Asks: 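Take a look at the following structure, please.
Keep in mind it's a predicted model, so treat the numbers as computed, not measured.
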Amino acid sequence: MRPHRPMRALVGAFLVVAAVVAALALYTSLGDKTEVLAVARNVLAGEQITSADLRVVAISSDDDIPTIAAERRDEIVGQYARVRLAAGALLVDESVQPRPLVDPDRVLMSVEVPAGQVPVGLREQSRIVLVVLPEATGTSTVPVLVEATVAAVPRNLADVVSGASGSGGMVALSVEVPADLVAVVGSAGAVSVGVLDPAAPFPGATATTDPAGDAGNSAADSDAATDVVEPGDGAGEPAPSTTAAAVGAQPTAPPPPGGGGG
């Protein structure tokens, strides 16, 4: 008779059990899914998201991709699409925002700025000042300051700006401007941009109107003057001549004819 070897039998049983446990763990990990939000139908940029625009899908929990958990559905409903959302795409935080894409009291416009003059740090929702130089038509060419908000910037803005040295390229920015200043911005001969601190006063807010009796003296200093146009001043009509603090990258206005005193 062959001697019994209980140790070998125990080791064999242990290996069988270990193999079964490993197989079960692998099967469980493959079936471990996380429920996230996806787009059920096409949503255009600026549209408000409804519950019908969303659906829940399950993806592997080890997928290292940005998503929004299905539990946040009620939070997402009612927000606005920042970009066009294609049906079937997974929803991410960067594609939605709580406020409308365009302020109801403002107009979304596109302005072109020389790539070399785009300020560092410019991004979506930046508060900016547009230094608008009117077309040279024989009338006043004094720059006009218009407060605006950046709605969108090119995706490759950093690459365009970093390679702008001597290229003379232009960058198109989508900006929100007051409705009654659309004509001022739209008829501009050139536009420069300055980034403002969100809490800072708008440049020229403390500007004082030149007295009529000092018109001759102020004309000699017109190279440092700008028009500050506030909403309600009337589209296309310059505000009263004001003296404002200098703004970065602000164009220099030529003195009006016959204004210099030598």
Side-chain angles (χ1 to χ4, degrees), residues 39 42-50 53 66 68 75-86 89 91-134 143-162 164 169-205 228-233 235-236 247-250:
V39 183
N42 292 336
V43 179
L44 299 180
E47 287 188 338
Q48 191 170 28
I49 297 173
T50 67
D53 296 326
I68 295 179
E75 173 190 341
I76 299 302
V77 171
Q79 296 199 33
Y80 297 84
R82 296 181 63 181
V83 295
R84 181 179 181 274
L85 305 176
L91 202 62
V92 296
D93 284 310
E94 290 74 15
S95 61
V96 298
Q97 64 182 41
R99 58 184 292 272
L101 190 62
V102 179
D103 191 307
D105 297 326
R106 293 181 166 234
V107 176
L108 186 65
M109 299 187 67
S110 177
V111 296
E112 287 194 336
V113 181
Q117 296 182 18
V118 175
V120 175
L122 185 73
R123 60 182 183 275
E124 292 176 341
Q125 301 307 314
S126 289
R127 179 176 174 244
I128 61 173
V129 55
L130 299 178
V131 185
V132 180
L133 187 64
V144 176
L145 303 186
V146 177
E147 185 174 7
T149 302
V150 178
V153 298
R155 289 180 179 235
N156 62 337
L157 179 63
D159 296 334
V160 172
V161 172
S162 62
M170 303 294 288
V171 174
L173 304 175
S174 294
V175 299
E176 295 178 14
V177 301
D180 54 352
L181 300 182
V182 170
V184 174
V185 178
S187 61
V191 177
S192 296
V193 176
V195 178
L196 299 174
D197 185 285
F202 183 66
V228 181
V229 180
E230 300 291 348
D233 284 341
V247 179
Q250 175 176 318

Asks: Output all residues satisfying side chain to side chain donor-acceptor pair (under 3.5 Å) with R123, sequence neighbours left out; order by chain, then residue number.
Replies: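 R123 satisfies side chain to side chain donor-acceptor pair (under 3.5 Å) with no residue once adjacent residues are dropped.
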Asks: Apply side chain to side chain contact (heavy atoms under 4.5 Å, CB included) to P154 and list each qualifying residue two or more places apart in sequence or on a separate chain.
Replies: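 Testing P154 for side chain to side chain contact (heavy atoms under 4.5 Å, CB included), a comparison that skips the adjacent residues, returns N156, L157, V171, L173.
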Asks: With sequence neighbours left out, write down each residue that passes side chain to side chain contact (heavy atoms under 4.5 Å, CB included) with T50, or none if nothing qualifies.
Replies: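 T50: side chain to side chain contact (heavy atoms under 4.5 Å, CB included) contacts with R41, A52, D53.
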Asks: Taking side chain as C-beta onward, heavy atoms only, is V193 less than 4.5 Å from L130?
Replies: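 Yes - at least one pair of side-chain heavy atoms lies under 4.5 Å apart.
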Asks: Out of curiosity, I128 CD1 to S192 OG, how far, rounded to the nearest 0.5 Å?
Replies: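 Answer for the CD1-OG pair, I128 versus S192, is 11.0 Å.
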Asks: Quick test of your reading: applying side-chain hydrogen bond (donor to acceptor under 3.5 Å, both in side chains), list the pairs with at least one residue in residues 92-102, sequence neighbours left out, ordered by first then second residue.
Replies: R72-D93, R82-Q97, R99-Q125
Asks: Measure across P143 and P134 and return the closest heavy-atom pair with its distance rounded to 0.1 Å.
Replies: CA-CD, 4.4 Å
Asks: Report the residues that fulfil side chain to side chain contact (heavy atoms under 4.5 Å, CB included) with A199, sequence neighbours left out, ordered by chain and then residue number.
Replies: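 Side chain to side chain contact (heavy atoms under 4.5 Å, CB included) list for A199, sorted by chain: D197.
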Asks: Would you compute the distance between atom CD of Q117 and atom CE of M170 and round it to the nearest 0.5 angstrom?
Replies: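 Rounded to the nearest 0.5 Å, the CD-CE separation comes to 8.0 Å.
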Asks: If I compare all heavy atoms of A81 with all of L44, which pair ends up nearest, and what's the gap?
Replies: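 Closest pair (atom of A81, atom of L44, distance): CB-O, 3.6 Å.
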Asks: Measure across L108 and A151 and return the closest heavy-atom pair with its distance rounded to 0.1 Å.
Replies: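 Looking at all heavy atoms of both residues, the shortest contact is CD1-CB, 3.4 Å.
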Asks: Once side chain to side chain contact (heavy atoms under 4.5 Å, CB included) is applied, do any residues pair with Q79, and if so which ones, sequence neighbours excluded?
Replies: E75, I76, V96, P98
Asks: Which pair of non-hydrogen atoms, one from R127 and one from P201, has the smallest distance, and what is that distance?
Replies: NH2-C, 4.0 Å
Asks: Kindly indicate whether the side chain of L85, heavy atoms from C-beta on, has any atom under 4.5 Å from the side chain of I49.
Replies: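 Yes, close enough: below the 4.5 Å cut-off.
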Asks: What are the two closest heavy atoms between V129 and F202, and how far apart are they?
Replies: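 Looking at all heavy atoms of both residues, the closest pair is CG2-CE1, 3.7 Å.
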Asks: What is the distance from atom CZ of R106 to atom CG of L181, rounded to the nearest 0.5 Å?
Replies: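 It is 9.0 Å, given to the nearest 0.5 Å.
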Asks: To check you understand the geometry: which heavy-atom pair defines the closest contact between G121 and S126, and what is its length?
Replies: O-OG, 4.0 Å
Asks: Are any of the side-chain heavy atoms of S174 and M109 separated by less than 4.5 Å?
Replies: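 A side-chain contact is absent here, since even the closest heavy-atom pair is not under 4.5 Å.
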